[in-house]
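Values reported hereafter were calculated over all heavy atoms of this structure, with side chains retained and with hydrogens, waters and symmetry mates removed.
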Amino acid sequence: FQLGYVLFAEILYRVFGVGSSDVLFQIPNVIALAFVYVGMGMIAKRLFDRKSVTNLTAIILTVCFQPMFMTTFTYGIILGLAFAIWSVYHTIRFMQDSKIKNAVFAVILIAVSVLLKYNYMIVLASICIALILHVIDKKKFLALAVAALMILCSVGLQKAVIASYSARS
C-alpha cells in the first residue's frame, strides 16, 4: 500500500538524481503542510462564513506544532493530507453550488491522496457518507455519481500503480 509514495519518490529521484539528500523529500512536505493550513482556513471560511471563526482556525493551526514535526517523515502522511483536505474543500463547494468542476477536483484530489497514503481511504469514506447525506437532504442525485466516481478512481489509480510496478518486475 506504499507504492503510491514509491512512485512519488521515483519521480523525485528521476528528476533530481539518486544522490539527492533527504531534504528532497522534506521540502514537498513543508509545501504540502502550507497547503494543509490554507485549506483548513478555506474550509472554515466556507462552512462558517465568519471572519472570527476563520481567524481562530488560523491561530489554532499556528500553535499546533505536531504537523510541523511530521514534515521530516517521508511516508506520504503530509502529502496525502494536503490532497485530502483540498478534496474535502472542493466537495463542500460542490455540495453548496453543484458545479461539476468542484466535483472533478474533489475526485482527482482524493484519488491522489489515497494513492500517496492508503490511510486516506478513511477520508474518502467520510466524504462519501457526506455526499450520501447530501442526496438524502437535498435530493441532488449527482452526488451519488460523484461518490461512486471517487471510489472507482481511488481504487483504480491504486491498482494501476500496482500493475505498473508488477509489469516491471
Side-chain angles (χ1 to χ4, degrees), residues 1-5 7-8 28-71 73-161:
F1 294 111
Q2 290 291 330
L3 282 183
Y5 193 78
L7 175 66
F8 172 74
N29 282 346
V30 171
I31 294 167
L33 185 61
F35 277 103
V36 166
Y37 283 1
V38 170
M40 294 289 286
M42 297 289 287
I43 288 171
K45 183 179 180 181
R46 174 88 31 195
L47 288 179
F48 300 105
D49 196 27
R50 291 179 40 205
K51 191 171 183 153
S52 61
V53 174
T54 305
N55 289 341
L56 185 60
T57 302
I59 290 168
I60 290 170
L61 288 172
T62 302
V63 298
C64 185
F65 295 109
Q66 171 64 19
M68 294 176 202
F69 297 133
M70 293 294 291
T71 59
F73 295 111
T74 57
Y75 297 114
I77 297 168
I78 300 292
L79 284 172
L81 181 61
F83 285 99
I85 291 290
W86 281 96
S87 178
V88 169
Y89 172 76
H90 283 287
T91 302
I92 292 167
R93 286 195 61 182
F94 169 73
M95 291 191 308
Q96 291 176 341
D97 63 20
S98 298
K99 290 186 179 175
I100 298 294
K101 72 174 185 175
N102 288 317
V104 170
F105 284 135
V107 168
I108 292 169
L109 291 167
I110 197 63
V112 172
S113 176
V114 170
L115 178 66
L116 288 170
K117 190 72 174 169
Y118 200 73
N119 296 17
Y120 290 107
M121 275 291 218
I122 296 167
V123 176
L124 171 63
S126 65
I127 290 172
C128 289
I129 290 168
L131 288 168
I132 290 168
L133 293 174
H134 181 68
V135 169
I136 292 169
D137 183 41
K138 305 287 185 191
K139 307 293 188 246
K140 294 188 177 183
F141 294 97
L142 181 59
L144 283 178
V146 172
L149 199 56
M150 283 182 167
I151 294 167
L152 287 172
C153 288
S154 295
V155 173
L157 190 57
Q158 188 82 22
K159 299 285 184 196
V161 170

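Looking at L149, V123, V114 one by one, the single match for side chain to side chain contact (heavy atoms under 4.5 Å, CB included) with S154 turns out to be V114.
Legend: ring-ring contact (aromatic ring centres under 6.0 Å, His included) pairs involving residues 91-112, not counting sequence neighbours, sorted by first then second residue: H90-F105.
Taking CZ from F48 and OG1 from T54, the interatomic distance works out to 9.0 Å, rounded to the nearest 0.5 Å. The distance from atom CZ of F141 to atom CD1 of I136, rounded to the nearest 0.5 Å, is 9.5 Å. Note that OH of Y89 is 10.0 Å distant from CG of L47, once rounded to the nearest 0.5 Å. Atom CZ of R50 and atom CG of N55 lie 11.0 Å apart (nearest 0.5 Å). Here T57 contributes atom OG1 and K45 contributes atom NZ; the two are 12.0 Å apart, rounded to the nearest 0.5 Å. Note that CG of L133 is 12.0 Å distant from NZ of K138, once rounded to the nearest 0.5 Å.
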Exercise. With side-chain contact (heavy atoms from CB on, under 4.5 Å) as the test, would you mind laying out the steps for F8 and L3 before giving the verdict?
Key: CA-CA 9 Å; F8 172 74; L3 282 183; over 6 Å; no
Practice problem: Quick one: do Y75 and Y5 satisfy side-chain contact (heavy atoms from CB on, under 4.5 Å)? Show the steps, please. | Solution: CA-CA 7 Å; Y75 297 114; Y5 193 78; over 6 Å; no
Exercise. Quick one: do N29 and M70 satisfy side-chain contact (heavy atoms from CB on, under 4.5 Å)? Show the steps, please.
Key: CA-CA 8 Å; N29 282 346; M70 293 294 291; over 6 Å; no
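By the 6.0 Å contact criterion, CG on D49 is open, its count of non-hydrogen atoms from other residues, nucleotides or ligands being 12 or less. By the 6.0 Å contact criterion, CZ on R46 is enclosed, its count of non-hydrogen atoms from other residues, nucleotides or ligands being greater than 12.
Between L81 and L33, the closest side-chain pair of non-hydrogen atoms is not below 4.5 Å. Side-chain atoms of K140 and V135, non-hydrogen and from C-beta on, never get closer than 4.5 Å to each other. Contact check for W86 versus M42: side-chain heavy atoms found under the 4.5 Å cut-off. With contacts defined as side-chain heavy-atom distances shorter than 4.5 Å, the pair I151/C128 qualifies. A heavy-atom distance below 4.5 Å is not found between the side chains of M95 and N102.
Of all non-hydrogen atoms in G80 and L116, the two that sit nearest each other are N-CD1, 4.1 Å. In terms of heavy-atom proximity, A111 sits nearest to L157 at O-CD2, 3.8 Å. Listed here is the closest heavy atom pair of A82 and F35: CB-CB, 4.4 Å. Minimum interatomic distance between L79 and P28 (heavy atoms only, all atoms of both residues): CD2-O, 3.8 Å. In terms of heavy-atom proximity, L142 sits nearest to I100 at CD2-CD1, 3.3 Å. The two atoms that bring L144 and I132 nearest to each other are CD2-CG1, 4.1 Å, heavy atoms only.
A donor-acceptor contact shorter than 3.5 Å is absent between the side chain of S113 and the backbone of F83. Judged by distance alone, with hydrogens and angles left aside, the side-chain atoms of T71 form a donor-acceptor pair with the main-chain N or O of M68 at under 3.5 Å. Using modelled atom types, one side-chain atom of T91 and one backbone atom of S87 make a donor-acceptor pair closer than 3.5 Å. Within the 3.5 Å criterion, the main-chain N or O of A58 finds a donor-acceptor partner in the side chain of T62.
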